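The shown structure was predicted, so the numbers you read here are calculated from the model rather than taken from an experiment.
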Protein chains: 2
Amino acid sequence: MSIFIYIILYILTAITWRMNMNALGYALLSMLMRKPCSGYELTQLLEVFWQAKHSQVYPLLTKLEQDGLVTFVHVQQTGKPDKKIYSITDKGKALLTQWVSKPSAPPVIRDEFLVRAYAIGLTDANTAKRLFHERIFSFEEKVAFRKVEIERMQKEHGSELEQITCRHFGRYLLFQRKLKLEEEEIAWCHWVLGLLDNAKMKVNEKK
Amino acid sequence: MSIFIYIILYILTAITWRMNMNALGYALLSMLMRKPCSGYELTQLLEVFWQAKHSQVYPLLTKLEQDGLVTFVHVQQTGKPDKKIYSITDKGKALLTQWVSKPSAPPVIRDEFLVRAYAIGLTDANTAKRLFHERIFSFEEKVAFRKVEIERMQKEHGSELEQITCRHFGRYLLFQRKLKLEEEEIAWCHWVLGLLDNAKMKVNEKK
DNA sequence: GACACCATGTAACGCGTTACATGATTGC
DNA sequence: GCAATCATGTAACGCGTTACATGGTGTC
């Protein structure tokens, strides 16, 4: 009885091994669900997830194509280099669909700034403030950019955007999430700056 | 004239090359500023930054020791394996101090769940909801844990904790940040669940 | 009897980054 | 003239993960 289960598991393992699909592979497939794209465009769009480099994207697309998960057509352009436009296949769509409802691996987050924040006591209050102001500045840029993107989406697609059936629904969710988290990061920086100011005032009081 | 600059740059490069310090190295140094620790303990404490494995921590500590940035003493224990307690040296402290005020590399964030959220349109509304409920559950656990840690710190160190001079200030900042961001993540999930419910209601209206 | 915790290490492998390589067009 | 944008690729290297290895104590 359970032999069948082992056979199925074996086949699934074999497929997984042959395809060696990692999260980036699925990220590319899910991007291609929205619309066909070139490798170059995918590299830019991937920014909603994380910043993968083209040197990783191009070879992976070749691999996905070999595994029959995507196909591409050559497109000749004038004044610009030629490109390959990739589309997801039925096989790719099936693989992605069965992957979506599986449990997710815990997120990987590595942020140098947090180490600096941790060791902030090694600097004077002014340097500390400078570091947090710089952090705020870089995140405000991100927030501004994110807001533009969200508004553009809302103008283009209207209330349809907030429907699961909309092709851009997933992208919209991620934009909103990034915006929230980036704003929260800024709020945290201001809170820290407040603490640093309190400390300064107390020093002045002592004088 | 500019020859001096090149010599300085060369020396700095040579030092950097020999020490080959990455963010994890500085993370360990900053942990050791708070108190001497074993490699095992450092691996647990590193959780505030990101989850490094012991297989990375132990060899790195050996390297830091060879570079004279940390020292260790053997501590024999009964009922438990022996351990090495590492402390930061003056050289390590100096290196860390000059690193803290340098600009930070952009954070690395890789989260599989976001790919699933992006491709959520491939599943039915119920599966989608299940995925977001699971996400909420795992983040609520983190929030609860974080709150316990913060309260423990506040009880132990009182209002001194909110002073840059406190040895635990950095750690406190990071705990508060994680808490805020984790709560924001949960809020986002609830927002998404709201959208998914709206969609369902509209389907019902059509019936 | 199995599992989790404490504690330290090594080896192999795969993923991701940096750098090398090419080339036409548009804007400052 | 220089940099940026579009567009695709390869090669080398280092970081980080998984797995292998050991072994005593305490808990279910």
Side-chain angles (χ1 to χ4, degrees), chain A residues 13 16-28 36-47 49-66 70 72-86 104-112 115, chain B residues 13 16-28 36-47 49-66 70 72-86 104-112 115:
Chain A
T13 311
T16 310
W17 165 75
R18 225 181 57 73
M19 299 216 181
N20 203 31
M21 280 293 284
N22 55 19
L24 185 61
Y26 290 108
L28 290 175
C37 293
S38 68
Y40 185 86
E41 200 183 353
L42 284 169
T43 308
Q44 335 267 111
L45 291 174
L46 273 175
E47 194 261 353
F49 297 136
W50 55 81
Q51 206 34 83
K53 315 286 150 120
H54 72 270
S55 56
Q56 215 188 344
V57 173
Y58 290 126
L60 187 51
L61 281 171
T62 306
K63 221 179 133 294
L64 294 180
E65 197 267 330
Q66 281 164 7
V70 301
F72 69 89
V73 283
H74 281 282
V75 173
Q76 274 169 338
Q77 296 185 119
T78 47
K80 284 179 183 179
D82 297 351
K83 59 181 173 180
K84 294 177 179 179
I85 298 291
Y86 286 88
S104 295
V108 174
I109 303 177
R110 230 168 292 133
D111 190 347
E112 265 189 38
V115 181
Chain B
T13 311
T16 310
W17 164 75
R18 225 181 56 75
M19 299 217 182
N20 202 32
M21 281 293 283
N22 55 20
L24 185 61
Y26 291 108
L28 290 175
C37 294
S38 66
Y40 185 86
E41 200 182 354
L42 284 169
T43 308
Q44 335 267 111
L45 290 173
L46 273 174
E47 193 261 352
F49 298 137
W50 55 81
Q51 205 35 81
K53 314 286 149 121
H54 71 272
S55 56
Q56 216 188 343
V57 173
Y58 290 126
L60 187 52
L61 280 171
T62 306
K63 221 178 135 294
L64 295 179
E65 197 267 331
Q66 281 164 7
V70 300
F72 69 89
V73 284
H74 281 282
V75 173
Q76 274 168 337
Q77 296 186 120
T78 47
K80 284 178 184 180
D82 297 352
K83 58 181 173 180
K84 294 178 179 179
I85 297 290
Y86 286 88
S104 295
V108 174
I109 303 177
R110 232 169 290 133
D111 190 346
E112 264 188 41
V115 181

**Item:** Steps toward side chain to side chain contact (heavy atoms under 4.5 Å, CB included) verdict (A/Leu45, A/Cys37)
**Value:** CA-CA 10 Å; A/Leu45 291 174; A/Cys37 293; 3.8 Å; yes
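Contact check for B/Val115 versus A/Leu24: no side-chain heavy atoms found under the 4.5 Å cut-off. When side chains are defined from C-beta on, B/Tyr26 counts as touching B/Met21, because their heavy atoms get closer than 4.5 Å. A heavy-atom distance below 4.5 Å is not found between the side chains of A/Pro107 and B/Ile109. Considering only heavy atoms from C-beta on, A/Leu28 comes within 4.5 Å of A/Leu46 through its side chain. Between B/Trp50 and A/Val108, every side-chain heavy-atom pair lies at or beyond the 4.5 Å cut-off.
For B/Phe72, the side chain to side chain contact (heavy atoms under 4.5 Å, CB included) test picks out B/Glu65, B/His74, B/Lys84, B/Tyr86, with sequence neighbours left out. By the side-chain hydrogen bond (donor to acceptor under 3.5 Å, both in side chains) test, B/Gln56 pairs with no residue at all, sequence neighbours left out. By the salt bridge (charged side-chain N to carboxylate O under 4.0 Å, His left out) test, B/Glu41 is found to be paired with B/Lys35, residues two or more places apart in sequence or in another chain being considered.
The end-to-end axis angle of the helix from C/dG1-D/dC28 to C/dC28-D/dG1, rounded to 10 degrees and based on five pairs per end, is 40°.
Where B/Gln44 and B/Thr62 meet DNA chain C, the nucleotide closest to each residue was compared, and B/Gln44 sits on the side nearer the 5' end.
Heavy-atom distances under 4.0 Å link DNA chain D to A/Gln77, A/Lys80, A/Pro81, A/Asp82, A/Lys83, A/Lys84 of residues 74-86 of chain A, given in residue order.
Checking side-chain atoms of B/Gln77 against main-chain N and O of B/Pro81 turns up a donor-acceptor pair under 3.5 Å.
Phosphate contact (OP1/OP2 of D/dC6, side-chain N/O of A/Tyr40, threshold under 4.0 Å): present. Applying the 4.0 Å criterion to OP1 and OP2 of C/dG9, one finds that B/Tyr58 has every side-chain N and O outside that range.
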**Complete:** Per-nucleotide protein contact along nucleotides 13-20 of chain D, 5' to 3', at a 4.0 Å heavy-atom cut-off (B base, S sugar-phosphate only, - neither), is --SSBBB-
